[in-house]
There are 2 protein chains.
Amino acid sequence: MYTTPDLRELGGANAYLRDCASRSALDLLANKWVCLVVGALARGPMRFGALRRLLDGITQKMLTRTLRDLERAGLVDRTVYPTTPPQVEYSLTSLGESVGTLLGAIRGWAEEHMHDVEAARARYDERAARPVEALSANAPTARG
Amino acid sequence: MYTTPDLRELGGANAYLRDCASRSALDLLANKWVCLVVGALARGPMRFGALRRLLDGITQKMLTRTLRDLERAGLVDRTVYPTTPPQVEYSLTSLGESVGTLLGAIRGWAEEHMHDVEAARARYDERAARPVEALSANAPTARG
DNA sequence: CGGCATCCTTATGGATACTG
DNA sequence: CAGTATCCATAAGGATGCCG
């Protein structure tokens, strides 16, 4: 028979799930544009307009917001050259460069495994498309 | 399938920014609940109700959706035991376990650097609160 | 050039009720 | 127990216009 997991061993708090550093880090980094901006700046300092052109598809609003968030988090330095017209250059701090390293790890995983994910999704979708697959009558079965 | 990110090439396409494996990976993993569910299942197989109680705060809707996404992506196996009442057990696939490793890397970065991020944010906010800081008159200056 | 402010559309996600 | 379906509030994000 199958044994039910004993939740009492976990202690009532469950605090590790609700208040973990990873969660905060993901709140910061798990952002559509953050990884792209950091990845772009990992190549070297870049001006606002250059970033906007490079990250084709980003709106000015989101680029501004993303850069503010990154600057506030200490990942990006913002330097204003008081010329006319003004030039604003963005660059990674050392902290930001460490994020670049992390993004490299994510990219490594992605390049190694994302095609597996795509294949799994294709299989899942095809299986969902077929009405009733030849499922062996014996239990237990997936997708019963 | 995915374009290989060559950050040194700035050729007009910018394809690496719009269609990179990292982006797809983040679309999958950069989710509030995904990391928690994967983290929970990294401890071992768990039933639906156990997950719901463990991830205190998650709604049934989000747990179901998250598990479906993870199952479709091939990170999670779903096994139905045709008992009464029914039991549905979720477990990580080997692919899912590799994600757990990645989440470990993120947690490592988070535990090493998030307090720096918090400090940077505190400094930023305090600086924003003060009206006009003593800024050295020489260019270039940050926050001009 | 590098923003900020505003409007508006679309996701995201919670609450609730019902089912095999 | 393990879901599905529905409604609804809020937030994310794009389009546009104006400014120093």
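Note that the coordinates shown come from a computational prediction; the quantities given were computed from them, not determined experimentally. Chain A is the first sequence line, chain B the second, and so forth, proteins listed ahead of strands; every chain is numbered from 1.
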Among C:dG2, D:dC1, D:dG3, the nucleotide that comes nearest once only the side chain of B:Pro86 is considered:
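When the side chain of B:Pro86 is considered, D:dC1 is the closest of C:dG2, D:dC1, D:dG3.
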Looking at D:dA2, D:dT4, C:dG2, which one has an atom nearest to any side-chain atom of B:Thr64?
D:dT4
Listed by chain and number, what are the side-chain hydrogen bond (donor to acceptor under 3.5 Å, both in side chains) partners of [X], not counting sequence neighbours?
| X | answer |
| --- | --- |
| B:Ser91 | none |
| B:Thr59 | none |
| A:Glu112 | none |

With heavy-atom distances below 4.5 Å as the criterion, would you say the side chains of [X] and [Y] are in contact?
| X | Y | result |
| --- | --- | --- |
| A:Leu95 | A:Val76 | no |
| B:Val37 | B:Met46 | no |
| A:Gln60 | A:Phe48 | yes |
| B:Val80 | B:Gln87 | no |

Determine to 10° how strongly the helix from C:dC1-D:dG20 to C:dG20-D:dC1 is bent, judged from the axes of its five-pair ends.
40°
Would you mind reading off the distance between [X] atom [atom1] and [N] atom [atom2], rounded to a whole angstrom?
| X | N | atom1 | atom2 | value |
| --- | --- | --- | --- | --- |
| A:Leu67 | C:dC1 | CG | C1' | 14 Å |
| B:Glu71 | D:dA2 | CD | P | 15 Å |
| B:Asp69 | C:dT12 | CG | C1' | 13 Å |
| A:Met46 | C:dG2 | CE | P | 12 Å |
| A:Asp27 | C:dT12 | CG | P | 16 Å |
| A:Glu89 | C:dG2 | CD | P | 10 Å |
| B:Arg47 | D:dC1 | CZ | C1' | 7 Å |

Protein heavy-atom contacts under 4.0 Å, written 5' to 3' over nucleotides 8-17 of chain D as B (base), S (sugar-phosphate only) or - (none), form the string -----BBB--
Short side-chain N/O contact from [X] to OP1 or OP2 of [N], under 4.0 Å:
| X | N | answer |
| --- | --- | --- |
| B:Tyr90 | D:dG3 | yes |
| A:Arg52 | C:dG3 | no |
| A:Arg53 | C:dG2 | no |

Salt bridge (charged side-chain N to carboxylate O under 4.0 Å, His left out) partners of B:Arg107, counting only residues at least two apart
none
Salt bridge or not for A:Arg123 and A:Glu126, using N-O below 4.0 Å?
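Not counted as a salt bridge, because no side-chain N and carboxylate O are separated by less than 4.0 Å.
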